[in-house]
Amino acid sequence: MHFALSVFNQSRSTVIRLIMAGIFLVIIAQLINLQLVSGKYKELAMNNAVYPKVKYPDRGIIYDRKGKAILNNTIMYDLEVTPNQIKGVDTAYLCQLLEIDTTEFKKRIVTSILKNGRYRPSIFEDLLPPLVHARLEENIYKFPGFSLVERPVRTYPFQAAAHIMGYIGEADSNIIKRSNNFYRLGDFVGRSGLEQNYERILMGKRGVEYMIKDNKNRLVGKYENGIYDTAAIAGRNLRTYIDVEVQQLAEKLMSNKVGAVVAIEPKTGGIIAMTSGPHFDPNLLTGPDKQKNFNKLFLDVSSPLLNRAIKGQYPPGSTYKPLGALVALDEGVITSASGIGCNGAYYGCRRPVKCTEHWSGHAANLRLAIAWSCNSFFSNAFRLTIDNNKYGNAREGLTRWHDYLSRFDLGHRTGIDLPSEDGGNVPDTAAYDKEYRGSWNSCTMVTIGIGQDKLLATPLQMANAVCIVANKGYFYTPHFVEKIDGETGKDTLLNKYRRKNEVLTHISDADYETVISGMQDVVDVGTARVARIPGINVCAKTGTAENYRMIDGRRTKLKDNSMFVCFAPRENPKIAIAVVVENAGFGATWAGPIAALLMEKYLNDTLRTERLKEVERVSGANLMPGWLVREQYKADSIRAWNWFKSTNDSSAIKKLMERPVPRYVPEPEKKAKPKPAKPVPAVVKLNTDAIIPERPTIKNSRT
């Protein structure tokens with residue numbers, strides 16, 4: 001019995017020893033893990049004692065063609081918060097410094113946690129005003145969990161090119177997700193314009209500076225003398241074709257107007273200037289008031305944020321006629337000597353197509369028809385193109401015509417280095433089959449011959465099409481950036497803009513010369529004499545496009561859009577321009593003078609003294625459409641009512657009721673003044689059919 005108990009006690013002692021040894025081994029293993037393997041507690045200790053201060057790089061600068069910085073960088077500060085580090089913060093005092101209430105404070109903390117977790121820093125308030133930053137800098141040690149972070153922000157010394165440059169904003173969850181977490185909350189990214197398109201070039205690379213914190217959360221020095229720090233690498237600069245002085249002039253001329261201007265260098269496709277009216281100062285979308293300013297611009301029914309140069313889709317009107325002439329010439333349905341009898345209308349279809357010219361002989365040949373913008377001639381030329389005998393039917397003719405327009409880079413996006421471009425519209429057989437159930441002919445869409453019907457183009461497309469005419473058949477895809485600083489073989493962004501597109505070089509030089517001569521006649525003796533520049537041969541085409549809009553549920557005819565396209569000099573084109581001014585009447589009334597001033601400024605690098613009065617006249621004219629006031633009132637009313645329904649706050653409605661209810665009164669149409677009759681060449685026959693003699697040898701002498 002005694003022996004059995006002894007064995008039992010000995011066995012129990014062994015078990016206890018084994019258990020103690022096992023516990024000891026576990027402790028040793030955990031100590032080894034904590035000391036040598038796991039970095040968890042080291043990380044926690046680091047988080048308590050070391051603050052990783054993010055160093056945001058300077059974004060690349062964008063320069064104009066003369067080396068002037070269109071935008072630059074300055075330094076502001078963000079207030080960041082790391083929620084798990086907030087301990088003993090005097091919330092009331094912090095709210096006083098930031099001029100917010102405690103409810104807003106709690107809301108921001110919750111938002112930070114939801115967006116970025118408790119252990120990662122988030123922006124609590126960005127782009128602090130200088131006075132607020134100064135107050136916080138003196139007291140930041142009182143607010144554990146909060147820190148000030150430098151932020152390079154954009155500044156625009158010329159207050160110009162807002163639609164081109166775009167703006168930067170904080171990366172949201174969608175941007176972060178699309179970047180596979182390359183971006184993180186707090187990063188600023190390009191949200192529109194060149195800032196967005198060239199983001200990877202401009203952004204640079206973040207750096208980190210590790211700082212030691214004391215027991216009061218104050219930064220007292222570098223951790224390990226900065227050996228773990230990484231430097232921020234500045235973004236690379238962009239060199240553009242923009243002439244910022246021409247850009248400023250374009251924006252001044254488009255003040256209080258709706259429309260767009262695009263100026264391109266034909267030989268390179270480089271964009272010299274682009275503006276959309278109404279425009280705005282890009283400095284409004286940087287700094288502490290950027291969100292308030294953005295909201296104001298966003299709610300404006302005149303859509304100042306919309307870049308109409310690439311998104312406005314307009315019937316090109318008579319600015320299409322040089323293109324239609326080239327198509328008809330190349331198809332062989334007209335020649336330079338073709339003419340038509342016109343005394344104010346084209347009667348080849350059931351509905352007459354009216355013409356502003358009534359004097360006999362204004363369309364005696366192609367050059368005259370272009371110079372005097374004869375609707376009858378170009379309506380007939382379009383029908384001859386569609387009904388071309390070699391195709392046998394209008395369906396094949398329209399398909400062939402559609403192919404020509406596509407080669408003029410119409411009906412699809414040009415591929416400009418800006419996001420969100422629209423492609424316009426060139427109608428095809430499917431469009432007319434759908435509307436007319438397959439029963440249509442050339443008379444159905446005869447007004448395409450004068451740039452109307454379903455034909456739509458953006459101002460950029462119109463300017464690019466004129467470049468093709470000026471270059472006699474080729475173009476380079478329109479773009480702003482000429483080169484990137486430090487460009488390497490890996491930088492392929494610009495490759496497509498350096499490729500020559502020879503789309504219509506098969507059209508003969510003789511045909512181009514005929515059309516170009518007619519466009520010079522437009523300026524020398526025709527409808528655009530306002531665009532003459534001493535010593536420079538300017539080629540142009542005016543346009544007056546019908547303009548409709550739904551107002552109060554009714555399709556309402558508004559004042560015509562004023563359209564103009566041109567290039568100069570004729571002998572060596574250096575600039576091509578398209579101008580659209582909505583609700584402004586004839587092309588030569590407003591769009592023409594704007595283009596003429598821009599051409600002179602760019603080609604001569606100055607304006608004649610006597611032309612400065614014209615700048616003031618045009619820029620001082622308020623051509624904002626009358627319907628905007630009523631549409632703004634309606635939009636404000638809807639927002640006020642929705643606000644009342646969601647909050648039961650009627651203050652917005654009461655404020656609106658204090659304003660008079662605006663009514664839209666259509667502007668009376670102004671009749672064109674009759675022009676004196678011109679002499680008719682004796683050799684020209686006048687009838688309602690096109691005269692199609694055999695092609696003569698084209699001479700450059702003026703008709």
Side-chain angles (χ1 to χ4, degrees), residues 159 162-163 250-261 275-282 284-285 289 291-309 311-315 317 458-459 544-563 579-587 589-591 593-594 616-645 649-671:
Q159 296 88 45
H163 293 100
E251 294 187 10
K252 181 175 182 177
L253 295 172
M254 286 298 292
S255 296
N256 292 312
K257 299 169 186 68
V258 177
V261 173
T275 188
S276 176
H279 53 83
F280 60 94
D281 183 348
L284 292 175
L285 297 186
D289 295 325
Q291 191 60 52
K292 180 177 70 175
N293 294 331
F294 180 88
N295 292 339
K296 184 177 180 180
L297 292 168
F298 181 77
L299 296 177
D300 187 337
V301 297
S302 67
S303 302
L305 292 172
L306 178 68
N307 186 354
R308 289 176 169 85
K311 296 192 73 66
Q313 301 186 56
Y314 303 93
T458 65
T544 307
E546 289 188 348
N547 183 23
Y548 292 87
R549 183 181 178 86
M550 293 298 293
I551 298 178
D552 295 336
R554 296 181 180 180
R555 186 173 184 264
T556 305
K557 188 180 188 306
L558 304 176
K559 196 172 181 180
D560 293 338
N561 292 336
S562 178
M563 323 284 287
V579 181
V580 177
V581 185
E582 295 184 25
N583 299 273
F586 295 112
T589 305
W590 293 108
I594 290 172
E616 297 308 315
R617 182 188 76 84
V618 175
S619 63
N622 188 340
L623 303 179
M624 297 296 285
W627 55 265
L628 282 172
V629 178
R630 177 160 176 77
E631 290 300 310
Q632 187 69 62
Y633 185 88
K634 288 164 62 177
D636 292 345
S637 299
I638 292 170
R639 282 193 293 271
W641 176 246
N642 289 338
W643 176 256
F644 171 71
K645 286 194 296 183
D649 179 1
S650 62
S651 59
I653 293 178
K654 291 177 181 177
K655 187 175 180 180
L656 196 67
M657 291 177 66
E658 296 174 358
R659 292 161 51 183
V661 180
R663 305 286 181 187
Y664 172 68
V665 180
E667 298 180 53
E669 287 288 328
K670 293 184 179 180
K671 301 291 184 180

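We count residues from 1, following the sequence as given.
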### Task
Check A545 against P315 and note the closest heavy-atom contact, atom names and distance.
CB-O, 3.3 Å
### Query
Roughly how far, to the nearest 0.5 Å, is the CG atom of D289 from the CG atom of L284?
9.5 Å
### Query
Under 4.5 Å between any side-chain heavy atoms of L305 and F298, yes or no?
yes
#### Entry: Side chain to side chain, F644 and D649, heavy atoms closer than 4.5 Å
no
### Summary
Hits for side chain to side chain donor-acceptor pair (under 3.5 Å) against K634, two or more places apart or cross-chain, chain-then-number order -> D552, E631
### Query
Any side-chain heavy-atom pair from V258 and L623 closer than 4.5 angstrom?
no
### Query
For the atom pair CG (L297) and CZ (F280), what is the distance rounded to the nearest 0.5 Å?
6.0 Å
### Query
Are P304 and H279 side-chain neighbours, meaning at least one heavy-atom pair lies under 4.5 Å?
no
### Task
Give, for atom OG of S637 and atom CE of M657, the distance between the pair rounded to the nearest 0.5 Å.
10.5 Å
### Task
Determine whether W643 and K645 make a side-chain contact, defined as any pair of heavy atoms from C-beta on separated by less than 4.5 Å.
no
### Message
For a quick test of reading the model, state the closest non-hydrogen atom pair linking V261 to I594 and the distance between them.
### Response
CG2-CG2, 4.1 Å
### Message
Are the side chains of Q159 and E251 in contact, using a 4.5 Å heavy-atom criterion?
### Response
no
### Query
Quick check: are there more than 12 heavy atoms from other residues, nucleotides or ligands sitting under 6.0 Å from CZ of R554?
no
### Query
Considering only heavy atoms from C-beta outward, does the side chain of V581 approach that of M254 to under 4.5 Å?
yes
### Query
Tell me, do L628 and Q632 make a side-chain contact under 4.5 Å, heavy atoms counted?
no
### Minimum-distance pair of heavy atoms, taken over all atoms of T544 and G585
CG2-O, 3.7 Å
### Task
Indicate whether the side chain of N561 and that of N547 have a donor and an acceptor atom separated by less than 3.5 Å.
yes
### Distance in Å, S562 OG paired with K257 NZ, rounded so as to fall on 0.5 Å steps
11.0 Å
### Partner set under side chain to side chain donor-acceptor pair (under 3.5 Å) for T589, not counting sequence neighbours
none
### Task
Please report the closest heavy-atom contact between V618 and W590, naming both atoms and the distance.
CA-CZ3, 4.0 Å
### Query
For Y633, which residues count as a ring-ring contact (aromatic ring centres under 6.0 Å, His included) partner, sequence neighbours excluded?
none
### Task
Output the distance between atom CH2 (W627) and atom NZ (K559), rounded to the nearest 0.5 Å.
15.0 Å
#### Entry: Distance in Å, T275 OG1 paired with K252 NZ, rounded so as to fall on 0.5 Å steps
14.0 Å
